[in-house]
Novice: 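Below you will find the structure I want to go over with you.
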Amino acid sequence: MSTPSLLLFIAVCALATFATRVIPFVALARHADHPLILHLGRYLPPAVMMILVIYALRDFRPLLDGRLNAGADGWPMILASLLVVVLHLWRRNALLSIIAGTGAYMAMVQLGWWG
Amino acid sequence: MSLPHAWKEAGLLTLPVMFGYLPLGAAYGILAIEVGVPWWAAVLMSLVIYAGAGQFLAVALLAAGAGLVELAVATLMLNSRHLFYGLSLLKRFQGAGWRKPYLIFALTDETYSLITTLPAERAGDQALAFRVTLLNQGWWVLGSIAGVLIGTTLDFNSQGIEFALTALFIVLTLEQARRLRQGLPFVIALATGLGALLLLPDRHLLLGAIGAATLVLLLHFHHTRRREVSA
């Protein structure tokens, strides 16, 4: 692929990505104080966060095609997630919860405890 | 707060994102080189596109020789969940001044999560939001450069390190719950998230769940308003 067409390709992708980010700010600039927008500003972030957790854990399928699927990375994922929750409720130290959870997950998948 | 101290504060906040973005960025860089994208183009994409899944898709489409229209449509579809992020940040980004265009440009899932979970007294701190946003893209670009340079996997066995992003989302969900002390958005998210998991293919999962959650919140708003009016 020639350099100009490669640059064009990147430009189109950059513009399309930016469009999805900027459209609300342009289209609704005058409505930032509308009660509905404030309502979404209050409730949407926690909902999105919870959905991102569900999305991140979506590979946990203990039953796959009707059969027990214990070999996948699903169980380490759930165990490490529980560790993060418990640690965070206990100490409320974000870095500690994240580093301990990630370390536990890496140990489980690398040492193949659930292989 | 002194400037070095301010950057240190932002750096600590973005540390979990660093654990996620460095390996993911490297994976992206390696993939880009593998399918024949020049190194400078791979890094340029991390600078001007800056979307994790979007860049993986772009590289795949580039390798498949896809057309520009196909690229534009696929990118818009994949990233349309950003529309909902903007909806909930309209008020917060007001008065961000010269920082606002960049805050909007660099609004990824992880940056959105960090910014919306800042403690209430820091919520209006646009300078902090800017530093967090800039550092996050910095980790992503650094990761991409590392991937492009190395071209193969590192000696260090980093398998599983992406779990840092999952852990980050869990911690931020708990922080949001502690702050809000209302079950409503979490119940809605569980319903739409699990519903999407059951009903939708993987590539539409996030958009479907977030779109449905927004719709339910709209209905909830109209419902509570009507009750207030009639009361």
Novice: Is A:Leu95 in contact with chain B via its backbone, its side chain, both, or neither, using a 4.5 Å heavy-atom distance?
Specialist: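 For A:Leu95, side-chain heavy atoms alone lie under 4.5 Å from chain B.
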
Novice: Are side-chain heavy atoms of B:Phe163 and A:Met106 found at a separation under 4.5 Å?
Specialist: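 No, every pair of side-chain atoms sits at 4.5 Å or beyond.
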
Novice: Against chain A, label B:Ile188 side chain, backbone, both or neither, depending on which of its atoms sit under 4.5 Å from a heavy atom there.
Specialist: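 For B:Ile188, neither part sits under 4.5 Å from chain A.
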
Novice: Which answer fits A:Ile54, side chain, backbone, both or neither, if we ask what part of it has an atom under 4.5 Å from a heavy atom of chain B?
Specialist: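 The side chain, not the backbone.
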
Novice: Measure the spacing between CZ of A:Arg42 and CG of B:Leu217 and express it to the nearest 0.5 Å.
Specialist: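 The CG atom of B:Leu217 is 11.5 Å from CZ of A:Arg42, to the nearest 0.5 Å.
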
Novice: What part of B:Leu13 lies closer than 4.5 angstrom to a heavy atom of chain A: side chain, backbone, both or neither?
Specialist: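 Nothing of B:Leu13, per the 4.5 Å heavy-atom cut-off to chain A.
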
Novice: Given that the side chain runs from C-beta out, which part of B:Ala66 has a heavy atom under 4.5 Å from chain A: side chain, backbone, both or neither?
Specialist: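 Backbone of B:Ala66 only, per the 4.5 Å heavy-atom cut-off to chain A.
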
Novice: So, taking the atom named CG in B:Leu103 and the one named CZ in A:Phe25, what distance separates them when rounded to the nearest 0.5 Å?
Specialist: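 The CZ atom of A:Phe25 is 8.5 Å from CG of B:Leu103, to the nearest 0.5 Å.
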
Novice: Which answer fits A:Leu6, side chain, backbone, both or neither, if we ask what part of it has an atom under 4.5 Å from a heavy atom of chain B?
Specialist: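 The side chain, not the backbone.
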
Novice: With only heavy atoms counted, which part of A:Ile99 is less than 4.5 Å from chain B, the side chain, the backbone, both or neither?
Specialist: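 Only the side chain of A:Ile99 comes within 4.5 Å of chain B.
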
Novice: Could you list the donor-acceptor pairs under 3.5 angstrom formed by side chains in residues 82-93 of chain B, with sequence neighbours left out?
Specialist:
residue: B:His82; atom: ND1; partner: A:Thr20; partner atom: OG1; Å: 3.2
residue: B:His82; atom: ND1; partner: B:Asn79; partner atom: O; Å: 3.1
residue: B:Tyr85; atom: OH; partner: B:Asp109; partner atom: OD1; Å: 2.7
residue: B:Ser88; atom: OG; partner: B:Tyr85; partner atom: O; Å: 3.0
residue: B:Ser88; atom: OG; partner: B:Tyr112; partner atom: OH; Å: 2.7
residue: B:Lys91; atom: NZ; partner: A:Asp33; partner atom: OD1; Å: 2.3
residue: B:Arg92; atom: NH1; partner: B:Ile115; partner atom: O; Å: 2.9

Novice: Under a 4.5 Å heavy-atom cutoff, which of B:Pro101, B:Pro16, B:Ala213, B:Gly65 has the most pairs with chain A?
Specialist: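 Among B:Pro101, B:Pro16, B:Ala213, B:Gly65, the one with the most close pairs to chain A is B:Pro16.
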
Novice: Which pair of heavy atoms, one from B:Ala167 and one from A:Thr102, lies closest together, and at what distance?
Specialist: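 Looks like CB-OG1, 4.3 Å.
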
Novice: Just to verify, what does A:Asn93 make a side-chain hydrogen bond (donor to acceptor under 3.5 Å, both in side chains) with, not counting sequence neighbours?
Specialist: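 Not a single residue meets the side-chain hydrogen bond (donor to acceptor under 3.5 Å, both in side chains) criterion with A:Asn93.
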
Novice: Please tell me if the side chains of B:Pro185 and A:Met50 come closer than 4.5 Å, counting only heavy atoms from C-beta onward.
Specialist: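 The answer is no; the side chains never approach within 4.5 Å.
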
Novice: Atom CZ of residue position B:Arg225 - does it have more than 12 heavy atoms of other residues, nucleotides or ligands inside 6.0 Å?
Specialist: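 Counting neighbours around CZ of B:Arg225, 12 or fewer heavy atoms of other residues, nucleotides or ligands fall under 6.0 Å, so no.
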
Novice: Could you have a look at B:Leu68, B:Leu57, B:Leu194 and say which one has the most heavy-atom pairs with chain A under 4.5 angstrom?
Specialist: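 Between B:Leu68, B:Leu57, B:Leu194, the count favours B:Leu68.
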
Novice: Any residues in residues 40-47 of chain B near chain A, with a heavy-atom distance under 4.5 Å, and which are they?
Specialist: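 Residues B:Trp40, B:Ala41, B:Leu44, B:Met45 are the ones that qualify, each having a heavy atom under 4.5 Å from chain A.
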
Novice: In terms of heavy-atom pairs under 4.5 Å with chain B, which of A:Val22, A:Leu89, A:Val48, A:Leu83 leads?
Specialist: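 The residue among A:Val22, A:Leu89, A:Val48, A:Leu83 with the greatest pair count is A:Val48.
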
Novice: Just jot down the salt bridge (charged side-chain N to carboxylate O under 4.0 Å, His left out) partners of B:Arg203, sequence neighbours excluded, or say none.
Specialist: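 In terms of salt bridge (charged side-chain N to carboxylate O under 4.0 Å, His left out), with neighbours along the sequence ignored, B:Arg203 is linked to no residue.
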
Novice: Just checking B:Trp98: does its CH2 atom have more than 12 heavy atoms from other residues, nucleotides or ligands closer to it than 6.0 angstrom?
Specialist: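 Yes, CH2 of B:Trp98 has more than 12 neighbouring heavy atoms, counting only those of other groups under 6.0 Å.
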
Novice: Taking side chain as everything from C-beta outward and backbone as N, CA, C, O, which of these in A:Leu7 sits under 4.5 Å from a heavy atom of chain B? Side chain, backbone, both or neither.
Specialist: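 For A:Leu7, the contact with chain B is made by the side chain alone.
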
Novice: Hey, mind stepping through A:Arg21 and B:Thr108 against side-chain contact (heavy atoms from CB on, under 4.5 Å) and telling me if it holds?
Specialist: CA-CA 9 Å; A:Arg21 288 170 174 158; B:Thr108 60; 3.7 Å; yes

Novice: To the nearest 0.5 Å, what is the distance between CG (B:Leu197) and CZ (A:Phe60)?
Specialist: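 Between atom CG of B:Leu197 and atom CZ of A:Phe60 there are 11.5 Å.
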
Novice: Would you say A:His39 and B:Leu218 make side-chain contact, with heavy atoms under 4.5 Å?
Specialist: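 No; the side chains remain at least 4.5 Å from each other.
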
Novice: May I ask you to name which of B:Thr75, B:Leu184, B:Leu172, B:Leu62 has the most heavy-atom pairs under 4.5 Å with chain A?
Specialist: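 Looking at each of B:Thr75, B:Leu184, B:Leu172, B:Leu62 in turn, B:Leu62 comes out on top.
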
Novice: Is it the side chain or the backbone of A:Leu15 that comes within 4.5 Å of chain B heavy atoms, both, or neither?
Specialist: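 Neither part.
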
Novice: Give, as side chain, backbone, both or neither, the part of B:Gln182 having an atom under 4.5 angstrom from any heavy atom of chain A.
Specialist: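 Side chain only.
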
Novice: Identify which of B:Gln94, B:His222, B:Arg178, B:Glu162 forms the greatest number of heavy-atom pairs closer than 4.5 Å to chain A.
Specialist: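 With the most close heavy-atom pairs to chain A, the winner is B:Arg178.
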
Novice: Kindly determine whether B:Ile170 and A:His88 satisfy side-chain contact (heavy atoms from CB on, under 4.5 Å), including the steps that lead there.
Specialist: CA-CA 9 Å; B:Ile170 293 172; A:His88 199 69; over 6 Å; no

Novice: Tell me, side chain or backbone of B:Leu190 under 4.5 Å from chain A's heavy atoms, or both, or neither?
Specialist: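 Answer is both: backbone and side chain atoms of B:Leu190 are under 4.5 Å from chain A.
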
Novice: Among B:Ile210, B:Leu107, B:Val73, who wins on heavy-atom pairs under 4.5 Å with chain A?
Specialist: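 Result: the option with the highest number of such pairs is B:Leu107.
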
Novice: Could you check which of A:Pro35, A:Ala11, A:Ala100, A:Gly103 has the highest count of heavy-atom pairs closer than 4.5 Å to chain B?
Specialist: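 Highest number of pairs under 4.5 Å: A:Pro35.
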
Novice: In terms of heavy-atom pairs under 4.5 Å with chain B, which of A:Ile37, A:Thr3, A:Leu36, A:Thr17 leads?
Specialist: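 With the most close heavy-atom pairs to chain B, the winner is A:Leu36.
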
Novice: Identify the two heavy atoms, one from A:Ile98 and one from B:Ala164, that lie closest to each other, and give their separation to 0.1 Å.
Specialist: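 Result for this residue pair: CG2-O, 3.9 Å.
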
Novice: Name the member of A:Ser5, A:Pro24, A:Ser97 that forms the most heavy-atom pairs with chain B at distances under 4.5 Å.
Specialist: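 Top option by heavy-atom pairs under 4.5 Å: A:Pro24.
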
Novice: I'd like to know which of A:Val12, A:Ile51, A:Val84, A:Leu40 tops the heavy-atom pair count under 4.5 Å against chain B.
Specialist: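 Looking at each of A:Val12, A:Ile51, A:Val84, A:Leu40 in turn, A:Ile51 comes out on top.
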
Novice: What residue, out of B:Thr116, B:Leu76, B:Val48, B:Leu206, has the most heavy-atom pairs lying under 4.5 Å from chain A?
Specialist: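 Highest number of pairs under 4.5 Å: B:Leu206.
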
Novice: Name the region of B:Leu12, side chain, backbone, both or neither, that has any atom closer than 4.5 Å to a heavy atom of chain A.
Specialist: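 It is both, since atoms from each part get that close.
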
Novice: How far apart are the closest heavy atoms of A:Pro46 and B:Phe186, and which atoms are they?
Specialist: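 So the two residues come closest at CB-CZ, 3.6 Å.
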
Novice: Taking the side chain as every heavy atom from C-beta outward, state whether B:Leu205 and A:Arg58 have any atom pair closer than 4.5 Å.
Specialist: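 Yes; the side chains approach each other to less than 4.5 Å.
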
Novice: Which atom names give the shortest non-hydrogen contact between A:Ala56 and B:Thr166, and what distance separates them?
Specialist: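 Answer, listing the atom of A:Ala56 first, then B:Thr166: CB-OG1, 3.5 Å.
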
Novice: Below 4.5 Å from any heavy atom of chain B, which atoms of A:Tyr43 appear? Answer side chain, backbone, both or neither.
Specialist: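 Both backbone and side chain.
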
Novice: Roughly how far, to the nearest 0.5 Å, is the CG atom of A:Leu87 from the CG atom of B:Leu174?
Specialist: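 CG of A:Leu87 is found 11.0 Å from CG of B:Leu174.
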
Novice: For B:Arg81, is it the side chain, the backbone, both or neither that has a heavy atom under 4.5 Å from a heavy atom of chain A?
Specialist: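 Neither part; nothing is under 4.5 Å.
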
Novice: Using side-chain heavy atoms (C-beta onward) and a distance below 4.5 Å, is A:Phe18 in contact with B:Ile104?
Specialist: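 They are in contact (side-chain heavy atoms under 4.5 Å apart), so the answer is yes.
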
Novice: Checking B:Leu71 against A:Phe9 for the side-chain contact (heavy atoms from CB on, under 4.5 Å) test, could you report, in this order, the C-alpha distance in whole Å, the side-chain angles of both residues, the deciding distance, and whether it holds?
Specialist: CA-CA 8 Å; B:Leu71 169 73; A:Phe9 188 93; 3.6 Å; yes

Novice: Which one, A:Ala80, A:Ala27, A:Ala94, leads in non-hydrogen pairs under 4.5 Å with chain B?
Specialist: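 Most heavy-atom pairs under 4.5 Å with chain B: A:Ala80.
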
